[in-house]
Structures are given as C-alpha cells and as structure tokens.
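Keep in mind that the numbers below use all heavy atoms, side chains included, and drop hydrogens, waters and symmetry copies.
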Protein chains: 2
Amino acid sequence: MFKPITIKDIAQALELSPSTVSRALSDSYEINEETKKRILEYAEKHNYRRNPIASSLRQGRSYSIGVIVCEVANSFFSQAIDGIESVAYGKGYHVIISQSHDSYEREVVNIQHLANRAVDGLLISMSAETKDFSHIINLHDQGLPIVFFDRIIDTFDTHTVTTNNREGAKKATQSLIDRGFKKIAHLANAPHLSITSERLEGYEEALRQNGIALEESLIRYCHHGGRIQQEVEEAVRYFLALPEKPEAIFVASDRLSMGCLSAYNNLAPKDRHPAVAGFSNSDVLDLLQSDFTCVHQPAFEMGRMAMELLIQLIESKYPVYDFDNVVLETELISR
Amino acid sequence: MFKPITIKDIAQALELSPSTVSRALSDSYEINEETKKRILEYAEKHNYRRNPIASSLRQGRSYSIGVIVCEVANSFFSQAIDGIESVAYGKGYHVIISQSHDSYEREVVNIQHLANRAVDGLLISMSAETKDFSHIINLHDQGLPIVFFDRIIDTFDTHTVTTNNREGAKKATQSLIDRGFKKIAHLANAPHLSITSERLEGYEEALRQNGIALEESLIRYCHHGGRIQQEVEEAVRYFLALPEKPEAIFVASDRLSMGCLSAYNNLAPKDRHPAVAGFSNSDVLDLLQSDFTCVHQPAFEMGRMAMELLIQLIESKYPVYDFDNVVLETELISR
DNA sequence: TACGCAATCGATACCGGTATCGATTGCGAC
DNA sequence: GTCGCAATCGATACCGGTATCGATTGCGTA
C-alpha cells in the first residue's frame, strides 16, 4: 500500500522542524523566503498533499459545508448547487450534497450525518414532509451556522435566501387571467412549506385583483411534493371529476408540473388539457407544451448568495445577531 | 461556542480509561457487559457523538466514498446516485458527490479534491472531454480503489459496471427501421467515450442486418456531450442542410435528445421533425413526443452494483486481481 | 501449588498537522 | 555595552479516537 509523504518526512529530509514546514506550506510570514522556497520545491517534487483530516482535527474546522435539498434531479436545485459550488470552490470550501427526497426521516438522518462529518455549516432547503424542526434547532443551538434557501423556516433567526414567491405566483396567475381564463385551479405543494403559503397568497391576490372569486375547491395540495405520482394523479382525477372543470391550472413547482401533465396524458389522453402556468426552472418543460408559461427563479444566484452568507457566518469572529433575509425577483417566461 | 463531549470526558466521569470507553462504544467483546451498559447509557444521556475526523485520522479510513459524474441534473445519473446511496448508507459509508460538467479540468480538480478529502474509494463516470487519464491512473497506482460505471476506461484493470450499449443502440435503431425509416442519422456523444463507440457499433449493426448502407455523413459527434447547446444546433443545422434529410435519428443520450429536439424547434419550427429514438432515463421526455422511443438503462441497479463492488475492493484484506465487468441489459420503451 | 488462560481493563503511543511558547541571532538605538 | 525588537526557526503539546502492549484477577487443571 502506498504511503503518502508527510510534513515530518519533509522536515527530516530538509533538516527542519515540522512546525517550520507547516508554516512554510501555509505561506507564513515567519518563514524566510529562501527556506520557504526550498520546502515548497521539495514538497512539489515529492508530490506532497496536506492531509485534510489531520488538519481538520487540529483546527476544529473541516472547510466543508453540507447542502440538503429534496433532490438533485431537479433543475432548480441543481442550478442552485452550481451556484453554491461556484462560491465554495473559490473560497476553498468543499460541498457535500445530501438528498432528503422530501422525506422527513431522510432529512433527519442526513443532517445528522453531515453534522457528524463535522461540516462547518449547513445550507438547507426544507423537505416537504417536515413539520418538526427540532433536529435543526438542536444543531443551531450548538452553534452550527445554518442558512436556509428557498424552503425556509422561521423558528429561529438566521440568514435566508428566497424568491418573491407571492409576486411570482401572482404573475403566473395573472398571465392565465390575461389569456382569458377565469376558472383557474391551483395545484399546490405540501401545506407546511414556506413557499406553499407564499405562492398561494400570490394566486389569491391575482384572482382578487381581477374580481374572480376564490374557490377553495379548486385548490389541491400534494403533501409529498409530488414525490408520489399517485397524489398528483389523485388531484388531477379530482379536477377531471369536477362539474365545471378548470380551464387553467397554476402549478406550484417543476415536479408537480411534470406530474400534472403526465397525469392528464394518462387519465384523459384525448381531452384538451387545461392551460398550465407555474414555477419551473426546467429547460425541458418549455419543449413540452408551447402554452406553458413559467415563473423562473434565479436559482444559481440564490445558491451563490446563500453560500456567501454561510461563509460570512462561518468566518465571523463574533457571534452574528443581524441577519439578512434576501428576496430575489422571479422572471416570467411566456411564449 | 458549544464544546461536544469526548471519550475522555466519559472516561473521567465513569472513572475508566479512554480505551475502555472507546472499545465499549464499538461494542468490543473485551468489555464486560455491565460496564458496556454503563458507558452506553452515559454516552446516550450526554448525547455523545463520535468524532469521525479523529476516527478517520487514526484508522486511516474515512468511511466516505467519492462519486464523480458529469452532472446530477440528469436522470440517469441521479438515479444511479440513488442506487449508490442505498448501498452506501446501509454499510455506513457516506457519499460525496462531485460534478465534472463534462469538463476535463473540473474532473481533474474534483478528483484531486476528493482524493485529498481522503475518500476510501471512487466511483467514476468519465467526463466527455477527458482524453488524458493520468490523474486517475496516479491515484489508482497509489492504491485507491476505483470502480467505473457507465462511461469507463480500459487503461487499467478494475471493476466496471455498464449496460449493454451495443445491444441497446441496436434495439433503438431497429425500432426506427421497423417503423419504416431507412435514412437514419446518428447523433453521437464525444468520440473518446466508451459508450459512444459501443452505441455506434449497435447502430451500425442494426443497419447492416437490415441491408441498409451505412452513411458516414449521417453521423455527427458532440464533443462536449451536448454541454454546449451550440454544438447540438450545429449538428441539427447540418442535418437540415443535407440534400436528403434524415427521416429519423438515433440519439446517444438524454441530454442530446433534449438539445436535439429543442434545436429542431428553434431552427425549423414549422417542419415535420424526424422521428427520434435514443438512450434516455428521463421521465419527462416521454411526455414530449409521443413517438419518442427510448432505451432505458437500469441506472439505480448500476449504482447499487458499482457501490457494492467498490465496498468489496475497499474492505478486501488482500489485493484484488480478479475484476468483474458487469454488463446489465437495457430496456426498450416504445409507445 | 503452580501454571495456563480467559476475561477485563489501563497506559500510552500514534495518526498528521498546527497552535503555543520559546530560543537564537542580528542589528539599530540609547 | 545593553536593551529592545524583528526575523527566523525549534520543541512540544494537543486535537479525539484507537491500536498496541501490558497488567490484573480469577479459576480450572496438572
């Protein structure tokens, strides 16, 4: 088995002390430029690599952060992750990605796992199923820096990055109204998600401003965020069974849009489907249906910003009590 | 700042030695059941968590493995990752996901990063751009266990998990032939990928067996795997400019299929598009075009298997010289 | 009685960096 | 001449577990 070269090996070879080598390798001002050069050259030549494990142990920091999202196979989150990584790599942090699959249990396990792996901080977007936040509160109480993005909770104060969900939902709904639809249903995400209530508000506001009565019967929730296709089909089946079928649907998310369209294809293949507008960051969905209007979130930017705020928390020398709640604007893309 | 409880704290509190506590916590047979119970209870009560960093340092193992794929926003890879995780978590391993975005440089950086983070092994699916394998060979020579899946290289011997690309490509092409098409183009991935040549073979074989002459002019490669939409558009533009336009296209991958369909929509919105068949694990693409026939790979199973083989390598007490090259079958899904 | 051995637990070095405290040298200033 | 201080480097403890080697006790057996 290959045994990598250590700082002590270098020290011995150059007749220096380990501390000198360590300092030289981290470019300390205490070390003579000449010696520094010797050490760096030797290290380079012998392909020395710092052992981050040992380093972490001593420094009490791992220079890695954890990200928990429901799933990476989702355009919004994969774009957000790209944004996160773009900042992280630049600042020397490593990103560990974890998926909750919108399941409460997996969220708990994974967050625990990440905390155990001694991450320096967490970027969290809540799972759809989660109603109890104690697993997160505990870590926060223990001093672990946490930043929420997209799906946030307000149980305690910290940085958050979201989009203007209310306004986005309003714009999407308005676009459907502008196209002449009056009977507009809403296919919503899990009720306890922050984005769900905000988007619902926007939907309601658009209806109200256009003098359209809100019908509770036109709102359907998906408690697992569409993770189970069956729940989406149930909603669609419900819509199809209504005496007056909705002419259009405002769908809360990407995944739900796909599930919804797929369900309509399966359940009523020959029928004319209602028009659909909704939140989406997919670059595929636009191929799907020419009349699909979507609200696009600046996912990359959100990831970037969340990561920057997290690093700010991590590297702050003093406890932070002043938190940012960034809200970015959405973009309506219609065809 | 919160200071977590350590093994030494427990030892002191219970008037035992750290080694006894350590052994009790790992359920060693050397420790009396009674003492074990005392220790476990105390640890539980005081919410003790083992410090994996310290543990890794001493044991020379991190119980984490690295995965490098081109991107997670890809159904095939996200499904494979799910498979990987399903095995990993069960065996106490943590999965660190890294994206190459089909770029050679990012692949090198990320693999280096993972190796630095002292992963116990790597699961690699090669980037489309990569032609030089020395960064991987180096790590392998240093004894790092590596298993390739999907996009493999044969520069050195190790476990690999792939699908029967030749057969899958053949089936897809055959399905187009069965539908009466004779002029069938092939939109291929980067030429140096293993999957590219294998799928090309299947395409050629299907043509040959049906007495259709192979026309080199109908084969277009995307050197960046479709990462740059421009290259796909270029290929489509090429197809559109041919004196005899292809009636159908066999597309090598998911991403290329999307890019291809999108390009046709943009470049020739009013034209009737050629029929498309190709490799895909997307659950969206089937919504797209009713006549899209796809070859589905058992991605989850591939991930599962690759992870199991990797663990086998990692936990083997003796050097392994006998390697498995698993080839799973594809499934043709037509409508 | 003495010896072997299993059961149980302790002391300590060690994993590879790094923070801390100190030592040495040289030189300008008083 | 001595003092102060900057520059440069060394020795060592320490981070938190864990592998290694030993020590002790008790009991069965020759």
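When the side chain to side chain contact (heavy atoms under 4.5 Å, CB included) test is applied to B:S100, the partners found at least two apart in sequence or on another chain are B:I68, B:C70, B:E107, B:S127.
Under the 4.5 Å side-chain criterion, counting only non-hydrogen atoms from C-beta, B:V72 is in contact with B:I81. Side-chain contact between B:M305 and B:F149 is absent, with no heavy-atom pair separated by less than 4.5 Å.
A:T35 comes within contact range of the sugar-phosphate backbone alone, with a heavy-atom separation under 4.0 Å but no base atom that close.
An angle of 60°, rounded to 10°, separates the two end axes of the helix from C:dT1-D:dA30 to C:dC30-D:dG1, each defined over five pairs.
Cation-pi check for A:R38 over A:Y42 is not met; the charged atom does not lie both under 6.0 angstrom from the ring centroid and within 45 degrees of its normal. Judged by the 6.0 Å and 45° rule, A:R304 forms no cation-pi pair with A:F300.
Within a 6.0 Å sphere centred on CD of B:Q12, heavy atoms belonging to other residues, nucleotides or ligands number 12 at most.
Along DNA chain C, the nucleotide closest to B:I31 and the one closest to A:E30 are compared, and the more 5′ of them pairs with B:I31.
Proximity of a side-chain donor or acceptor of A:D157 to a complementary backbone N or O of A:Y321 within less than 3.5 Å is not detected.
Listed by residue number, the members of residues 7-23 of chain A with any heavy atom below 4.0 angstrom from DNA chain D are A:E15, A:L16, A:S17, A:S19, A:T20, A:R23. Annotation: proximity of residues 36-58 of chain B to DNA chain C (heavy atom, distance under 4.0 Å) is found for B:L57, B:R58, numbered in ascending order.
Across every non-hydrogen atom of A:I7 and A:Y48, the tightest pair is CG1-OH, 3.5 Å. In terms of heavy atoms, A:D150 sits closest to A:S194 at O-OG, 3.7 Å. The two residues A:M307 and A:I84 have their closest heavy-atom pair at CG-O, 3.6 Å. Closest approach of A:L313 and A:P145 over heavy atoms only: CB-CB, 3.9 Å.
For residues 3-31 of chain B, the set of pairs meeting the ring-ring contact (aromatic ring centres under 6.0 Å, His included) definition, not counting sequence neighbours, is empty.
A 4.0 Å heavy-atom criterion places the boundary nucleotides of DNA chain D facing chain A at D:dT8 to D:dG16, written 5' to 3'.
Side chains of A:T162 and A:T160: no donor on one and acceptor on the other come within 3.5 Å.
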